[in-house]
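What follows is a single structure, written as structure tokens, with notes after it.
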Amino acid sequence: MPHEFEVSHEIELDASPEEVWQAIAEGPGIDSWFMGHTELEPREGGRGTQTFGGDFTMGSTVTAWEPGKRLAYRGDANPEDGTFMAFEYLIEGREGGSTVLRFVHNGFLGDDWESEYDALKIGDLQYLNKLAAYLKHFRGRISTHNLMLWGPQAPHAQAWAAFQDVLGLTGGITAGDRVTITLDGVAPEEGVVEWVTDPGAFIGVRTGDGLYMFIHGQGTVVVEHHAYTDIDGQTLEQSWQGWLAKTFAQSS
């Protein structure tokens, strides 16, 4: 039986309402911080698609389109059980050029709704943190290459230790830490930790021309990256795939 849910968050962003709108309502802007690839028809009643992992696509319909003020869309219902998700962004400009964004995520979840709801409460906020980092440091720049790789299931302690290791840290991970990302096959990258959420293990890292998010969610290891300059995306992807395979070989 479907279970109704609602998650809401509010965040202040270092950007104008127009800049926030570009980041949440235009395909290239969305792809510059959100997961996967998004296309959105710019009108109420327009169709949208979100593609994850290259082969899984979700369809949606725009239910509100007020540029610079309000965007809402509702995902297509699951034909098997009627579950769906809907999203709403409410934009309010503030003095000094900043913007307050209120995000509402609701709909109906399936039988495993309690664990799904707990994951959404944590996960939704991480993407708002990622949006905030993007608008603060890379505002107006469009991602040239996106990476979203799913690794294996792994224990939390193993994932956390692996994240510390690849970032060149010991003794924990804290917002503001300077890091050096070291992978086989690519040059080391200097960066800084933008935010950390634990439990849940979400780590946002900003480099000179990119934004990473390392995730250990519902037991699965995930690496996301957005590049804001021309890079060899194939080589970077192969390097991260190799890291996942080698680091979590005993977990897969």
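- Put simply, the side chain of Asp81 does not reach to within 4.5 Å of the side chain of Phe108, judged on heavy atoms.
- Minimum interatomic distance between Arg141 and Gly208 (heavy atoms only, all atoms of both residues): NH1-O, 4.5 Å.
- For Glu190, the side-chain contact (heavy atoms from CB on, under 4.5 Å) criterion is met by Thr180, not counting sequence neighbours.
- Although no hydrogens or angles enter the test, the distance criterion places no donor-acceptor pair under 3.5 Å between the side chain of Ser98 and the main chain of Arg94.
- Within the structure, ring-ring contact (aromatic ring centres under 6.0 Å, His included) contacts touching residues 8-29 (residues at least two apart or in different chains) are Trp21-Trp65.
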Please test Ile181 against Leu167 for side chain to side chain contact (heavy atoms under 4.5 Å, CB included), starting from the C-alpha separation and ending with a verdict.
CA-CA 5 Å; Ile181 302 172; Leu167 294 173; 3.8 Å; yes
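- Residues Phe248 and Gln158 have side chains in contact (heavy-atom distance under 4.5 Å, counting atoms from C-beta outward).
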Could you walk me through whether Val166 and Trp240 pass the side chain to side chain contact (heavy atoms under 4.5 Å, CB included) test, one step at a time?
CA-CA 10 Å; Val166 78; Trp240 279 111; 3.9 Å; yes
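- At distances below 3.5 Å, at least one donor-acceptor pair connects side-chain atoms of Gln164 with backbone N or O atoms of Gly172.
- Between atom CD of residue Glu10 and atom CZ of residue Phe103 there is a gap of 13.5 Å, rounded to the nearest 0.5 Å.
- Thr247 approaches Ala162 most closely through the heavy-atom pair CG2-CB, 3.5 Å.
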Can you list the steps and then say if Trp160 with Ile203 is a side chain to side chain contact (heavy atoms under 4.5 Å, CB included)?
CA-CA 10 Å; Trp160 195 252; Ile203 305 161; 3.9 Å; yes
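- A donor-acceptor pair is defined here as one N or O able to donate and one able to accept, closer than 3.5 Å; no such pair exists between the side chain of Thr99 and the backbone of Leu13.
- Val205 and Leu147 fall within a single hydrophobic cluster, where Ile, Leu, Val, Met, Phe, Trp and Tyr are joined by side-chain heavy atoms under 4.5 Å apart, directly or via other members.
- The shortest distance between side-chain heavy atoms of Asn129 and Ile11 falls below 4.5 Å.
- Side-chain contact check for Ser143 versus Tyr228: some heavy-atom pair is nearer than 4.5 Å.
- Residue pairs meeting the side-chain hydrogen bond (donor to acceptor under 3.5 Å, both in side chains) criterion with at least one partner in residues 29-39, sequence neighbours excluded, are Asp31-His37, His37-Glu39.
- Under a hydrophobic-cluster definition in which Ile, Leu, Val, Met, Phe, Trp and Tyr are linked whenever side-chain heavy atoms come within less than 4.5 Å, directly or via other members, Val62 and Phe84 are assigned to different clusters.
- Shown here are the side-chain contact (heavy atoms from CB on, under 4.5 Å) partners of Glu194, two or more places apart in sequence or in another chain: Ala133, His137, Val192, Arg206.
- A donor-acceptor contact closer than 3.5 angstrom links the side chains of Thr61 and Arg47.
- The structure places CZ of Phe5 at 5.5 Å from CG of Leu120, a figure rounded to the nearest 0.5 Å.
- At least one donor-acceptor pair under 3.5 Å links the side chain of Arg139 to the backbone N or O of Asp14.
- Heavy atoms only, all atoms of each residue included: Tyr134 and Ala23 are closest at CE2-CB, 4.1 Å.
- Under the side-chain contact (heavy atoms from CB on, under 4.5 Å) criterion, Asp232 pairs with Gln234, Thr235, not counting sequence neighbours.
- Nearest heavy atoms, Phe34 versus Gln50: CE2-NE2, 3.4 Å.
- Cluster membership check: Trp195 shares its hydrophobic cluster with Ile122, using side-chain heavy-atom separations under 4.5 Å among Ile, Leu, Val, Met, Phe, Trp and Tyr.
- Under the 4.5 Å side-chain heavy-atom criterion for grouping Ile, Leu, Val, Met, Phe, Trp and Tyr, Leu125 is not connected to Leu90 through any hydrophobic cluster.
- Val104 and Ser8 get closest at one heavy-atom pair: CG2-CB, 4.2 Å.
- Residues Tyr73 and Met58 share a hydrophobic cluster, clusters being chains of Ile/Leu/Val/Met/Phe/Trp/Tyr side chains in contact below 4.5 Å.
- Within the structure, every pair that satisfies the side-chain hydrogen bond (donor to acceptor under 3.5 Å, both in side chains) test and touches residues 217-227, not counting sequence neighbours, is listed here: Tyr127-Glu224, Lys130-Glu224, Lys130-His226, Asn146-His226, Gln153-Thr220.
- In this structure, Trp150 has its ring center at least 6.0 angstrom away from the ring center of Phe52.
- Heavy atoms only, all atoms of each residue included: Ala15 and Val20 are closest at CB-CG2, 4.1 Å.
- To the nearest 0.5 Å, the span separating CD on Glu44 from CG on Leu71 amounts to 11.0 Å.
- Side-chain contact between Leu101 and Leu128: present, with at least one pair of heavy atoms (C-beta onward) separated by less than 4.5 Å.
- Atom CG of Leu109 and atom CE of Met85 lie 5.0 Å apart (nearest 0.5 Å).
- Using cut-offs of 30° and 60° for the angle between ring planes, the Tyr212 and Phe214 rings count as parallel.
- To the nearest 0.5 Å, the span separating CG on Leu244 from OG on Ser239 amounts to 11.0 Å.
- Rounding to the nearest 0.5 Å places CD of Gln238 at 12.5 Å from CG of Leu183.
- Side-chain N or O atoms of Thr207 include none that pairs as donor or acceptor with a backbone N or O of Gly191 at under 3.5 Å.
- In this structure, Thr174 and Val196 have side chains that are not in contact, with every pair of non-hydrogen atoms separated by 4.5 Å or more.
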